[in-house]
Amino acid sequence: MNPKTQNKIAIGTLYGVAGLVVLILLALLGYILVSGLPQLSWHFLTAPAKAFLKGGGVGVQLYNSFYLLILAMLISFPIALGAAIYLYEYARDNWVTTTIRTAIEILSSLPSVVVGLFGFLFFVVKLRLGFSILSGAFALTFFNLPLLTRSIEDSLRTIDLSQREGGLALGLSRWETITRVILPAAVPSILTGVILSAGRVFGEAAALIYTAGQSAPALDFTDWNPFNISSPLNPMRPAETLAVHIWKINSEGIMPDAKAISSGSSAVLVLAILIFNFAARYLGKRLYKRLTSA
């Protein structure tokens with residue numbers, strides 16, 4: 001067969017596979033949005049859930065999801081950033097770095113339910129944190145750390161060596177070169193990794209069932225004292241997230257409109273992830289231009 005013909009067949013096959021993946025994704029998104037968007041309203045987005053009556057909402061669950069996401073990222077991002085900088089910029093290739101990278105690979109391959117059970121035994125039982133947002137955030141840190149560390153390390157690897165040499169030639173120390181030259185240039189790639197890990201955390205359910213709990217107590221949004229159990233900022237209260245709420249409705253929901261609530265919650269989850277991704281990319285571009293003066 002002519003090499004040009006083989007090349008065209010190969011390119012066509014790749015385009016076909018890519019198009020099939022896109023069609024599957026669009027079909028899933030279309031089904032979720034078509035079945036869920038009619039259920040959305042301001043009342044649905046702000047009202048508390050109801051266990052036995054119809055007409056409940058997902059206001060508390062939606063807030064819990066964002067609060068848990070922010071808390072988990074505040075814990076995991078600095079650790080992942082420091083680990084990635086150490087592994088790529090400072091550490092030598094020896095048995096220590098090999099062990100660290102192996103541990104990261106093992107952590108990234110753990111099923112989320114295993115992370116949840118570990119979080120239950122260690123944070124909920126051993127440390128006596130109970131079913132709480134803090135237990136869930138710590139469990140999600142173990143779940144999120146490998147992906148975030150590898151993505152940041154790959155982002156640092158994409159920066160050309162000449163930029164490091166240029167920073168050192170200008171009289172900057174190694175740390176100043178990393179913080180003032182390398183990290184600003186790697187912001188878009190780092191942000192992509194943060195978006196991927198944040199979306200993974202936002203939609204996680206199995207690890208949170210055993211750590212953050214399956215109940216969503218009523219919150220008083222006028223009480224911002226983090227030591228009160230009804231305060232939205234209290235990290236020690238149980239917090240059912242949106243993903244856990246969807247699982248709970250489909251597995252044991254007994255309200256009359258369980259299917260409608262599940263469809264609406266799924267649509268909210270998808271839309272929240274999409275909005276978060278687009279907003280993060282927009283802010284990342286603005287931050288990149290500001291840091292690099294581009």
Side-chain angles (χ1 to χ4, degrees), residues 18 21-33 35-37 40 45 58 61-81 83-84 104 107-116 119 133 136-155 186-209 211-212 239-248 250 262-288:
V21 173
V22 172
L23 287 177
I24 294 174
L25 176 62
L26 291 177
L28 292 173
L29 289 177
Y31 175 78
I32 293 173
L33 295 178
S35 60
L37 286 179
L40 301 189
L45 295 176
V58 293
Q61 287 79 8
L62 185 60
Y63 174 81
N64 289 338
S65 297
F66 279 106
Y67 186 30
L68 189 58
L69 170 64
I70 293 172
L71 193 59
M73 295 304 295
L74 287 176
I75 297 173
S76 60
F77 180 74
I79 300 174
L81 181 63
I104 291 174
L107 280 176
S108 64
S109 62
L110 287 178
S112 57
V113 66
V114 174
V115 177
I133 291 178
F138 283 139
L140 288 179
T141 298
F142 283 89
F143 182 73
N144 192 35
L145 205 55
L147 174 63
L148 202 53
T149 302
R150 287 190 303 175
S151 64
I152 296 177
E153 187 179 0
D154 291 339
S155 301
V187 162
S189 299
I190 293 176
L191 185 64
T192 300
V194 171
I195 291 172
L196 291 174
S197 60
R200 189 183 182 190
V201 167
F202 194 83
E204 177 57 35
L208 297 177
I209 293 173
T211 52
E240 180 187 52
T241 62
L242 198 58
V244 175
H245 186 60
I246 295 172
W247 169 83
K248 189 176 179 180
N250 285 286
S262 175
S263 299
S265 301
S266 301
V268 171
L269 183 63
V270 170
L271 290 175
I273 293 176
L274 290 176
I275 292 172
F276 174 78
N277 287 353
F278 288 131
R281 290 185 183 277
Y282 172 76
L283 293 176
K285 290 180 180 179
R286 295 290 301 270
L287 182 63
Y288 175 72

*Start with the C-alpha gap between F77 and I152, add the side-chain angles, then the distance that decides, and say whether side chain to side chain contact (heavy atoms under 4.5 Å, CB included) holds.*
CA-CA 10 Å; F77 180 74; I152 296 177; 3.9 Å; yes
*Closest approach of V244 and A205, non-hydrogen atoms and distance?*
CG2-O, 3.8 Å
*asked:* Let me confirm one number: the CG-CD1 distance from L148 to I79, rounded to the nearest 0.5 Å.
replied: 10.0 Å
*asked:* Let me confirm one number: the CG-OG distance from L45 to S265, rounded to the nearest 0.5 Å.
replied: 9.5 Å
*side-chain hydrogen bond (donor to acceptor under 3.5 Å, both in side chains) partners for S262, two or more places apart*: N250
_G203 versus A243, closest heavy-atom pair with distance_ = O-CB, 3.6 Å
_side chain to side chain contact (heavy atoms under 4.5 Å, CB included) for L269 and L62? Distances and angles first, verdict last._
CA-CA 8 Å; L269 183 63; L62 185 60; over 6 Å; no
_Taking salt bridge (charged side-chain N to carboxylate O under 4.0 Å, His left out) as the cut-off, I'd like each qualifying pair that reaches into residues 139-153, sequence neighbours left out, listed once._
R101-E153, E105-R150, E153-R157
*Verify, without hydrogens or angle tests, whether E204 (side chain) and A207 (backbone) share a donor-acceptor contact under 3.5 angstrom.*
yes
*Rounded to the nearest 0.5 Å, what's the gap from CD1 on I195 to CG on L191? Could you check?*
4.0 Å
*asked:* If you compare all heavy atoms of T149 against all heavy atoms of A83, which two are closest, and at what distance to 0.1 Å?
replied: CG2-CB, 4.0 Å
*Of L208, V58, I246, the residue whose pairing with T241 passes side chain to side chain contact (heavy atoms under 4.5 Å, CB included)*: L208
*To the nearest 0.5 Å, how far apart are CD1 in I104 and OG in S109?*
12.0 Å
*Would you confirm whether N64, through its side chain, and E240, through its main-chain N or O, come within 3.5 Å as a donor-acceptor pair?*
yes
_Nearest heavy atoms of S35 and S263, plus distance in Å_ = O-CB, 3.5 Å
Side-chain donor-acceptor pairs of residues 137-147 under 3.5 Å, sequence neighbours excluded:
residue	atom	partner	partner atom	Å
T141	OG1	A137	O	2.8
N144	ND2	S76	OG	3.3

*Spell out, as yes or no, whether a donor-acceptor pair under 3.5 Å connects the side chain of S189 to the backbone of A186.*
no
_Working to the nearest 0.5 angstrom, can you tell me the gap between S155 OG and L81 CG?_
10.0 Å
*Does L242 offer a backbone N or O that forms a donor-acceptor pair with the side chain of S65 under 3.5 Å?*
yes
*Closest heavy-atom contact between L68 and G136?*
CD1-C, 4.0 Å
_Minimum-distance pair of heavy atoms, taken over all atoms of P78 and M73_ = CD-O, 3.9 Å
